[in-house]
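Labels below follow one simple rule: chain letters A, B, ... track the order of the sequence lines, proteins then strands, and each chain is numbered from 1.
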There are 2 protein chains.
Amino acid sequence: MPGGRPRTFDEEEALERAVEVFWRQGYEGTSITDLTTAMGVNKPSLYSVYGGKADLFRRVIAHYAEHDMAYARAALEEPTALLVVQRFLRDNVAAVTLDDKPNGCLSIQGGLSCSTENQDVAQFLAASRLAGEKVFADRFRLAIEQNDLPADADPDALARFLMVVSEGHAVHAAAGVPREALLQSAAIAEQALKAMTSQPASRA
Amino acid sequence: MPGGRPRTFDEEEALERAVEVFWRQGYEGTSITDLTTAMGVNKPSLYSVYGGKADLFRRVIAHYAEHDMAYARAALEEPTALLVVQRFLRDNVAAVTLDDKPNGCLSIQGGLSCSTENQDVAQFLAASRLAGEKVFADRFRLAIEQNDLPADADPDALARFLMVVSEGHAVHAAAGVPREALLQSAAIAEQALKAMTSQPASRA
DNA sequence: GCAGTTCTTAACCGCTCGGTTCAAAAATTT
DNA sequence: AAATTTTTGAACCGAGCGGTTAAGAACTGC
């Protein structure tokens, strides 16, 4: 029964353009005009299809989490804790230094700190990052059960350190530091975790 | 010969208020009204005394670097590379989780990513962070000369890892993660660097 | 108490912001 | 081809942006 004029844009494709804009400029640094220009979508269509700026941003984050952070979920499926860590760190470095995408990580660049009226954006991003950390902690808890990690290892601390390093790499990548340099840093982090996980653990 | 109506604010004190606003909300998330309100300075005075928003921000960064990052310079004066690392990491964790200041680090929160017209702000901050990294690398080069670090240690990689971890801690702190949790992460990083620096070094 | 100087208050500037309205245009259905 | 449905482009909101201007208030020196 419906007919109507067809869209001049693909909803998913336009969303991916929006991902890149928010990724590069952050939530507050991105204007509706920036979005309509990059997405090839006119203003009324943007509002009818995606909602508003805030709604669009939420969809952007969801799309980013599903596609651009798939490497994190993949890393979690490695058979041992050490392999999880190694793969996550290396793939993370690769993900924040892609040639055809902005440098860094949308989850951080998107809105590390915002104006008072947009604090919810910053809090939402922070909460989702910490949720990711918890998944790693749970994976390390499993590893302890499986005697893959020493019984006295601290899964929360390990996960936290892992996320701290990945966030640091994202910040560094956003500053333009090249992939090879970040891989050196990741290698040091790996050594740390290797030592923490294999030995009977003598935490400071 | 001068006279004139006296100011109702102290220039330095008002600047410190501005530091906190930019720290909490970032460059683009801060409006002139936010600043005048927090600083207790009216608009024309703000412009005549500090210049404009961009000029004020530069003064804010300078004030922050001199006062709130003094711990980094202090750490560099420790006698050994390991002590430099330990003190920097611990004091950095403390600095990003102060009770009477915003959580995190102004150098990152201030503008990790900006709109196209304010890219210079993000680049300026990124460059100053990398300049700090270079100072640590130089310190480690000195340590190698002094046989305080093994000759095959990579001073640039060590400094990079150190800054990566501190940036990660800043991002984590901005998300509200408490000091004790960050200290656990810092302890793991210390272990890493201790291993890298004392052993003959077997980098991956 | 008057001249000169400096700061404050409040209004104002052009501009862009996020968001909406509306008629014209382009497609589908019958 | 007529009727219907949907998107398009452009004009339009009120509000807030960064920044400026002009008049008056508070001080100093004489």
Output a table of nitrogen or oxygen pairs between the protein and nucleotides 22-24 of chain D separated by less than 3.5 Å.
none

Spacing of [X] atom [atom1] relative to [N] atom [atom2], expressed in whole Å:
X      : N       : atom1 : atom2 : value
L46(A) : dT6(D)  : CG    : P     : 19 Å
Y50(B) : dG19(D) : OH    : P     : 16 Å
F57(B) : dG19(D) : CZ    : P     : 14 Å
N42(A) : dA24(C) : CG    : P     : 18 Å
L35(B) : dC17(D) : CG    : P     : 10 Å

Residue pairs involving [range] (criterion salt bridge (Lys or Arg N to Asp or Glu O under 4.0 Å); sequence neighbours excluded):
range                       : answer
residues 160-170 of chain A : E133(A)-R160(A)
residues 39-64 of chain A   : E11(A)-R59(A), D55(A)-R58(A)
residues 60-74 of chain B   : D68(B)-K101(B)

Scan for ring pair (Phe, Tyr, Trp, His ring centres under 6.0 Å) pairs involving residues 102-137 of chain A, sequence neighbours excluded, and state none if there are none.
->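 Matches after skipping sequence neighbours: F88(A)-F136(A).
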Can you list everything that forms a side-chain contact (heavy atoms from CB on, under 4.5 Å) with [X]? Sequence neighbours excluded, please.
X       : answer
D91(B)  : Y71(B), R87(B)
L83(B)  : E78(B), P79(B), T80(B), Q86(B)
S113(A) : Q109(B)

*asked:* I want to check something: taking the side chain as every heavy atom from C-beta on, are L112(B) and V171(B) in contact at a cut-off of under 4.5 Å?
replied: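 A side-chain contact under 4.5 Å is absent here.
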Any heavy-atom pair between the side chains of L56(A) and F22(A) that's under 4.5 Å? yes
- Item | R129(B) side chain to S107(B) backbone, donor-acceptor under 3.5 Å |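 Yes; at least one donor-acceptor contact below 3.5 Å.
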Within residues 7-24 of chain B, those residues having any heavy atom closer than 4.0 Å to DNA chain C are R7(B), T8(B), F9(B)
Note: M39(A) and L46(A) closest approach over all heavy atoms is SD-CD1, 3.9 Å
Atom pairs, protein N/O to nucleotides 14-18 of chain C N/O, distance under 3.5 Å:
unit_1  : atom_1 : unit_2 : atom_2 : d
dC17(C) : OP1    : S31(A) : OG     : 3.3
dG18(C) : OP1    : T30(A) : O      : 3.1
dG18(C) : OP1    : K53(A) : NZ     : 2.9
dG18(C) : OP2    : I32(A) : N      : 2.6

Which pairs count as side chain to side chain donor-acceptor pair (under 3.5 Å) when at least one residue sits in residues 21-32 of chain A, sequence neighbours excluded?
->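 Listed by first then second residue: E28(A)-S115(A), E28(A)-N118(A), S31(A)-D34(A).
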**Study point:** Overall bend - the helix from dG1(C)-dC30(D) to dT30(C)-dA1(D), comparing terminal axes fitted on five pairs, nearest 10 degrees
**Key:**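 About 10°, once rounded to a multiple of 10°.
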query = So with a 6.0 Å cut-off around CG of D100(A), is the heavy-atom count from everything else above 12?
reply = yes
Practice prompt. Return the 5'-most residue of the pair G52(A), V49(B) with respect to DNA chain C, ranking by each residue's nearest nucleotide.
Written response: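 That would be V49(B).
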